There are 2 protein chains.
Amino acid sequence: MRIGELARRAGTTTRTLRYYESRGLLPARRTGNGYREYDEEDLRLLRQIRTLQDFGFGLEETRPFVECLQAGHPAGDSCPASLEVYRAKLAELDAVVARLQAVRDEVAAQLARAELEAAAGLPGGPEPRCELAPHPGPGPGRPDPT
Amino acid sequence: MRIGELARRAGTTTRTLRYYESRGLLPARRTGNGYREYDEEDLRLLRQIRTLQDFGFGLEETRPFVECLQAGHPAGDSCPASLEVYRAKLAELDAVVARLQAVRDEVAAQLARAELEAAAGLPGGPEPRCELAPHPGPGPGRPDPT
DNA sequence: GCTGGCGTTGACGTCCGGGGCAAGGTCTAC
DNA sequence: GTAGACCTTGCCCCGGACGTCAACGCCAGC
């Protein structure tokens with residue numbers, strides 16, 4: 001099948017498939033006229049990539065799964081390298097969740113305090129003071145390039 | 001004070017301060033020779049921005065806090081607009097955490113399954129089959145442009 | 001032979017928060 | 001008078017995962 005059909009059947013776009021090929025992730029055979037030619041196996045590889053992507057895996061992280069399938073294994077996660085990616089992602093998710101949860105609690109506390117101050121400030125006398133503590137603690141810090 | 005001193009005192013860089021100014025977030029007076037001139041109040045504004053940034057707020061999300069301080073309020077979160085940002089961020093964090101937690105559990109389950117299969121596949125007979133379910137559910141889906 | 005729908009490559013835009021560098025102006029100290 | 005530290009603007013660069021043209025080739029149907 002050609003690129004358009006593969007894209008449709010996998011629920012993605014031709015641009016994405018060309019991008020994957022440019023990354024060496026999903027190489028394609030070529031027909032005489034230069035068109036990319038794919039088969040059912042490629043569809044399987046692509047579905048593996050897309051599934052992992054949907055779960056938040058980066059493109060590079062899907063590579064071991066794809067290579068595992070290409071090597072003829074029954075599933076993309078039948079290889080040790082894939083399991084390692086699972087484990088790393090698990091640790092990463094745990095860390096991110098913990099960090100976000102801490103930030104969430106901090107923000108919730110600030111919101112509660114600020115609401116109290118607003119309620120007290122309008123009727124009573126204005127004297128409260130405080131802000132989100134300049135606590136240089138473990139904020140999300142914006143997704144680091146790690 | 002000039003830009004270099006402000007940057008040092010706030011623990012950031014001159015590049016960042018110019019960037020903030022280009023975004024209209026932290027405007028600066030100018031001296032006769034064209035140098036940017038800041039005062040202690042600007043340092044306060046900047047600290048507010050940096051604190052929120054450290055907690056994962058986007059630059060635009062810090063704007064209400066800055067404007068609140070500029071309007072003369074005691075704290076950046078003394079204004080309703082700031083409280084709204086707190087609430088929105090809280091809801092966003094809750095959603096993200098729930099999503100990541102669900103993904104985490106899914107990945108953990110897949111890892112456990114794959115490890116079992118690997119252990120069973122080596123000694124016994126190879127017959128298992130399964131992958132990370134192509135569940136089109138609520139994966140992180142990668143930060144959508146929302 | 002002409003339109004329409006595929007396909008090709010290449011290059012640039014997006015979002016975010018800046019980093020890095022160049023060429024030049026300005027101020028202070030020696 | 002000159003070194004060095006500071007300031008100015010302007011421009012291109014990063015990464016991730018593509019989107020969006022542009023300009024062209026190929027092929028089927030009518």
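Values in this document were obtained by computation on a predicted structure and should not be read as measured data. Numbered from 1 within each chain, the chains take letters A, B, ... in sequence-line order. Keep in mind that the numbers below use all heavy atoms, side chains included, and drop hydrogens, waters and symmetry copies.
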Please state how far atom CD1 in A/Ile49 lies from atom P in D/dG16, giving the value in whole angstrom units.
17 Å
Starting from the first five and the last five pairs of the helix from C/dG1-D/dC30 to C/dC30-D/dG1, work out the angle between the resulting helix axes, to 10 degrees.
40°
With salt bridge (Lys or Arg N to Asp or Glu O under 4.0 Å) as the test, pick out the partner of B/Arg63 among B/Glu60, B/Glu67, B/Glu61.
B/Glu60
Measure the shortest side-chain to side-chain distance between A/Val97 and B/Arg104 over non-hydrogen atoms and say whether it is less than 4.5 angstrom.
no
Flag side-chain contact, heavy atom, 4.5 Å: A/Gln70 against A/Arg44:
no
Does the side chain of A/Tyr20 come under 3.5 Å of the side chain of A/Arg50 through a donor N or O and an acceptor N or O?
yes
Atom-to-atom span, CZ of A/Phe55 to P of D/dA17 - whole angstrom
17 Å
Value in whole Å for how far the P atom of D/dG16 lies from CG of A/Leu59
10 Å
To the nearest 0.5 Å, what is the distance between OG1 on A/Thr16 and CD on A/Gln53?
9.0 Å
Taking atom types as modelled and ignoring hydrogens, do the side chains of B/Arg18 and B/Thr14 form a donor-acceptor contact shorter than 3.5 angstrom?
yes
Using a cut-off of under 3.5 Å, enumerate the N/O to N/O pairs linking the protein to nucleotides 21-23 of chain D.
none

Is the phosphate of C/dC6, meaning OP1 or OP2, less than 4.0 Å from a side-chain N or O of A/Arg8?
no
Rounded to the Å, how far apart are A/Leu46 CG and D/dA17 P?
15 Å
What do you reckon, are the aromatic ring centroids of B/Tyr86 and B/Phe65 less than 6.0 Å apart?
yes
Sub-4.5 Å side-chain heavy-atom contact between A/Arg2 and A/Arg36:
no
Could you walk me through whether B/Glu21 and B/Leu17 pass the side chain to side chain contact (heavy atoms under 4.5 Å, CB included) check?
CA-CA 6 Å; B/Glu21 186 180 11; B/Leu17 298 186; over 6 Å; no
Do the side chains of A/Val96 and A/Leu100 get nearer than 4.5 Å, heavy atoms only?
yes
Which nucleotide wins on minimum distance to the side chain of A/Arg2, given the candidates C/dG7, D/dT8, C/dG18?
C/dG7
Under 4.0 Å: is that the gap between some side-chain N or O of B/Gln53 and OP1 or OP2 of C/dC16?
no
Of the listed D/dG19, D/dC6, C/dG18, the closest approach to the B/Thr16 side chain comes from C/dG18
B/Ile3 CD1 to C/dG18 P: how many Å, rounded?
13 Å
Could you tell me the separation between the CG atom of B/Leu6 and the P atom of D/dC7, rounded to a whole number of Å?
10 Å
Do A/Asp42 and A/Arg29 meet the salt-bridge criterion of a basic N to acidic O distance under 4.0 Å?
yes
In whole Å, I'd like the distance from the CD atom of B/Glu5 to the P atom of C/dC27.
17 Å
Could you walk me through whether B/Tyr35 and B/Arg30 pass the side chain to side chain contact (heavy atoms under 4.5 Å, CB included) test, one step at a time?
CA-CA 5 Å; B/Tyr35 286 12; B/Arg30 298 299 180 119; over 6 Å; no
Any idea which of C/dG7, D/dG19, C/dG19 is nearest the A/Thr13 side chain?
D/dG19
Using heavy atoms and a sub-4.0 Å distance, could you list which residues of residues 17-39 of chain A are near DNA chain D? By number, please.
A/Tyr19, A/Tyr20, A/Asn33, A/Tyr35
